[in-house]
Amino acid sequence: MKTLLNNIDLNEALIGKSNIGFVPTMGSLHKGHISLIKKSLKRSKITVVSIFVNPKQFNNKMDFKKYPRNIKKDLNILKRLKVDFVFIPKTRDIFKSKNNIKIKLKKKEEILCARYRKGHFEGVIDVMTRLTKIVKPSKIFMGEKDFQQLLLVKKYIGNNYDSRIIPCKTIRDKNKVALSSRNFLLNKNELITAGKIAKKLISFKKKGSGKHDLKKILNIQKNKFNRLYNIRIEYLELRNKNNLKITNKIRNAKIFIAYYINNVRLIDNF
Ligand code: AMP
């Protein structure tokens, strides 16, 4: 495995290489990331993993500051997996050139996380555009855990560059909590609460097909969660998984949730 710390070294290392699989991450790697990396290793000739905590996608300075960073452990994991290249750029290296494309989400896209984290997805699309231009991957492996991000990257990157976006299933722990780097910031009890919420929503989805006013029932569930646990729910909504429009039918739909537990923001979908 070769560690590359700037654009020039990465460009040099990738000269003449084809069938590149790319796994962009913000580090603090867990089994969710590892599943993406294994898929890339299987389906590409060369695998590049980037570790870059992108300041542009944080709408809250404190959130950026306390985002977990474990670079030493990450490098050991990547070495063990036999990744070809790990790219760990500096912020100034990524943002030194001007990005000519103006990124502005459409009004109808200002939903779910885009509604509550102003500028977040613009920051994600900006950095993904820059990384795609440097790495020039054939495939980019991304998790369904961040479903809205996946759809937006498909639209803004997959449709404009020669890179295919490959969706990868959400990996969960034994209590059904979606693995996330932010889970490192939670204590045991908070993880138990997150597990109860995940299990409830999985069962809600299973039982939902025969029910009528799902919007109303989901709202009742939201109030129950707020009452039972020490959390603050930003959204709990049923949406069509292709166009993210609000729906009342389980078919082709997903339940989307974002909530704060002890000031840590978690998202998931079922
Ligand atoms: P992050 O480091 O959180 O920016 O995530 C990097 C990539 O890993 C994104 O494509 C995420 O969707 C994906 N990812 C994060 N958590 C999981 C998970 N539990 N299962 C599958 N993919 C995940």
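In this chain, residues are counted from 1 in sequence order. Just follow the structure's listing: the first ligand is 1, and inside any ligand the first atom is 1.
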Inset, instruction - Write down the atom of K65, the atom of R69, and the distance for their closest heavy-atom approach. - result: O-NH1, 3.3 Å

Where does ligand 1 get N/O contacts under 3.5 Å from the protein, atom by atom?
{"unit_1": "ligand 1", "atom_1": "2 (O)", "unit_2": "M26", "atom_2": "N", "d": "2.9"}
{"unit_1": "ligand 1", "atom_1": "2 (O)", "unit_2": "H33", "atom_2": "NE2", "d": "2.8"}
{"unit_1": "ligand 1", "atom_1": "5 (O)", "unit_2": "H33", "atom_2": "NE2", "d": "3.4"}
{"unit_1": "ligand 1", "atom_1": "10 (O)", "unit_2": "G143", "atom_2": "N", "d": "2.9"}
{"unit_1": "ligand 1", "atom_1": "12 (O)", "unit_2": "G143", "atom_2": "N", "d": "3.2"}
{"unit_1": "ligand 1", "atom_1": "12 (O)", "unit_2": "G143", "atom_2": "O", "d": "3.2"}
{"unit_1": "ligand 1", "atom_1": "12 (O)", "unit_2": "D146", "atom_2": "OD2", "d": "2.6"}
{"unit_1": "ligand 1", "atom_1": "16 (N)", "unit_2": "L179", "atom_2": "O", "d": "3.3"}
{"unit_1": "ligand 1", "atom_1": "19 (N)", "unit_2": "I171", "atom_2": "O", "d": "3.0"}
{"unit_1": "ligand 1", "atom_1": "19 (N)", "unit_2": "L179", "atom_2": "N", "d": "3.4"}
{"unit_1": "ligand 1", "atom_1": "19 (N)", "unit_2": "L179", "atom_2": "O", "d": "2.8"}
{"unit_1": "ligand 1", "atom_1": "20 (N)", "unit_2": "I171", "atom_2": "N", "d": "2.9"}

Inset, instruction - Specify the closest pair of heavy atoms between I20 and K17, including all atoms of both residues, with the distance to one decimal. - result: CD1-O, 4.0 Å

Legend entry - Minimum heavy-atom distance between N59 and K118, given as atom pair plus value: CB-O, 3.5 Å

Inset, instruction - May I ask you to check whether S28 and N70 show a side-chain donor-acceptor distance below 3.5 Å? - result: yes

Inset, instruction - Identify whether NZ of Lys or CZ of Arg in K254 sits under 6.0 Å from the centre of the six-membered ring of F147 and within 45° of that ring's axis. - result: yes

Legend entry - Over all atoms of both residues, closest heavy-atom pair of R117 and Q57: NH2-O, 3.4 Å

